[in-house]
Protein chains: 2
Amino acid sequence: MVSLLDVARAAHVSKMTVSRVLNHPDQVSPEIIADVQQVIAELGYVQNRAGRALANNRHYNIAFILLDDINEIEPYYAHLLMHLTDELRHAGYTLEMRHDRNFDLTNVDGFLVSGARGSDFELLQSLTVPVVIYGTEPGIPSVDIDNKAGTQLATNALLDAGYARLIYLGIDMSEPFAINREVGYRDAMLTAGRTTEIYHLPNDEHAAQAFLADLNLCGNTGIVAATDRLGLGALRAGRSQGLTVPTDLGIVGFDGIYIHQLAELPLTTIQQPLATIAQHMVALLMKQLAGETVTSVYVVPELLHGATTA
Amino acid sequence: MVSLLDVARAAHVSKMTVSRVLNHPDQVSPEIIADVQQVIAELGYVQNRAGRALANNRHYNIAFILLDDINEIEPYYAHLLMHLTDELRHAGYTLEMRHDRNFDLTNVDGFLVSGARGSDFELLQSLTVPVVIYGTEPGIPSVDIDNKAGTQLATNALLDAGYARLIYLGIDMSEPFAINREVGYRDAMLTAGRTTEIYHLPNDEHAAQAFLADLNLCGNTGIVAATDRLGLGALRAGRSQGLTVPTDLGIVGFDGIYIHQLAELPLTTIQQPLATIAQHMVALLMKQLAGETVTSVYVVPELLHGATTA
DNA sequence: GATTGTTTTGAAAACGTTTTCATTATTTTT
DNA sequence: AAAAATAATGAAAACGTTTTCAAAACAATC
């Protein structure tokens, strides 16, 4: 392994000069910069991160902590992770994967956290390094989609399409996002002067299908689903009752990764903009590392038009 | 941050003794081990990885390189990654995520690679650190499922169920796994004295659905699909032709993550045993780090019985 | 042309650990 | 009980970088 000292010797300068070429080139004369850079290229020198970490106590490494249980990991995490990796690399950082409550910070400059809940938040707030969560929690810098705006979009799309009856299929309200999605539907309906019709189900396509089978949908109905899984169940319930989608039954899901593509008809859905989310998460972290204080960011999702709306 | 020296002072021993308690406890007297461990606990000491890396040139960090394009990432990677993270942590290592051709090894003791192809393999072979790939390539330690055994399982399941006609829906043969899956079907059919019927399609449920719509399936047919996507298409084609699944039409897919669960009927499939794969990948890497030479591992997948076979 | 100020470079120490080697304490052998 | 062998401990150096401080080179001012 070629070290800073090797470069220094080959370029007939001191280690410090080489270090400065890499970190503070403004403090070095142009000719020497050129020389050193050429030697670096010739020797194939790469900075040793352990040495650097030891010297200046920064690790250029961010831990992404995914706290969801392994059986409940949404498939879009693969994408989020890739985007985060890209963004961090672009900022000169690596991403370390964790999926336990290991907040050890000996090797890390900050945390990106997803799936935190309850007592996790207190722990996160007590940390001495920057944190950004994917989700929402007062007092912790976070990135989240604007769930309310999402269901407003969905509801308005179905209202515009002219469905006579507009149902909201919601899930358990224990998580903030579930509440906000419902509020979005409620608000949009209120604004339009329409009566709301809300049901709560487990987040499972079979549950939705069974529930709607009993509900007798009877045509000209729109369904705002809190998740794509519920949307998928609605689609199946409708078709098995002989309803034509989207003529008799319109459906908008929520999340927009994988599930909607694999449905019998491509599901119209509210798309999680994962690339944008990743950008914001890394940006908030970098700002904190630079000493700025930051507030949370809410990304307005987009309506992805499939075949289940007119 | 509390350092080794702090612990040493508090325990009235030298730094070395503390280091030995952590790395070579057999060389330290039992009473001192107990003392030091208590001080470590009291002070909340955590080993500094940069210092350790610098001193012994090991980083206790493995890079997982995912080379697939971001738009082609299979959702089950989220799971594979979680399992790899777990296994590595268990072995005392962290997982660093990469998804580019950055084989920089200044911060890393080895590589786990998925999605490598063509020239990647030469590069991987020229590296000075251990590598394990997910897939198959002569000369590189790898973990892969036994694709041939998988389609044999699938084919035999359908043969046992007594379907009169048994079709194989395959994909482009450019990747070794595609070839092996087809060979498995062929072998099983030959062994049973049956005539093969093989078609190649793009790996897309709509393509499969369209293709089978033209084929006129006519009942008592079994389909061995090279992927769950094709299996899903087959399911839809069959149902839209009025065939009852699994009575008139039996289907077995391949891969077993997400897609089969979301299908109209749970798809019988050949399940990728991701936990087992992760275990083997990490085990092969650890063996190499310990100086052993290793060979590749092929994991026989299991038939996951859904509702598309009798 | 001396004085001040600025830019450029270098030397030494520091970060936290482990390795190597030397020393001391303990046990075993004679 | 002395000698030899072994076990337990410590001191110093090393890993590769950056920080801090000092020195040298150069430019600008009087």
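All chains are named by letter (A, B, ...) in the order of the sequence lines, taking the proteins before the strands, and each is independently numbered beginning at 1.
No donor-acceptor contact under 3.5 angstrom links the side chains of B:Thr106 and A:Asn48, judged on distance only. The closest side-chain donor-acceptor pair between A:Thr94 and A:Arg49 falls under 3.5 angstrom.
Contact of the B:Asn102 side chain with the A:Arg89 side chain is registered, since non-hydrogen atoms from C-beta on lie closer than 4.5 Å. The shortest side-chain heavy-atom distance between B:Leu22 and B:Leu4 falls under the 4.5 Å cut-off. Contact annotation: the side chain of A:Leu88 approaches that of A:Met286 to within less than 4.5 Å [non-hydrogen atoms, C-beta and beyond].
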| message | Generate the contact string for nucleotides 10-20 of chain D. Rules: B means base contact, S means sugar-phosphate contact only, - means no protein heavy atom under 4.0 Å. | response | BB---BBBBB-
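The stretch residues 25-35 of chain A touches DNA chain C through A:Asp26, A:Gln27, A:Val28, A:Ser29, A:Ile32, each having a heavy atom under 4.0 angstrom from the strand.
Although no hydrogens or angles enter the test, the distance criterion places a donor-acceptor pair under 3.5 Å between the side chain of B:Asp109 and the main chain of B:Tyr60. For the pair B:Asn180 (side chain) and B:Phe177 (backbone), a donor-acceptor distance under 3.5 Å is absent.
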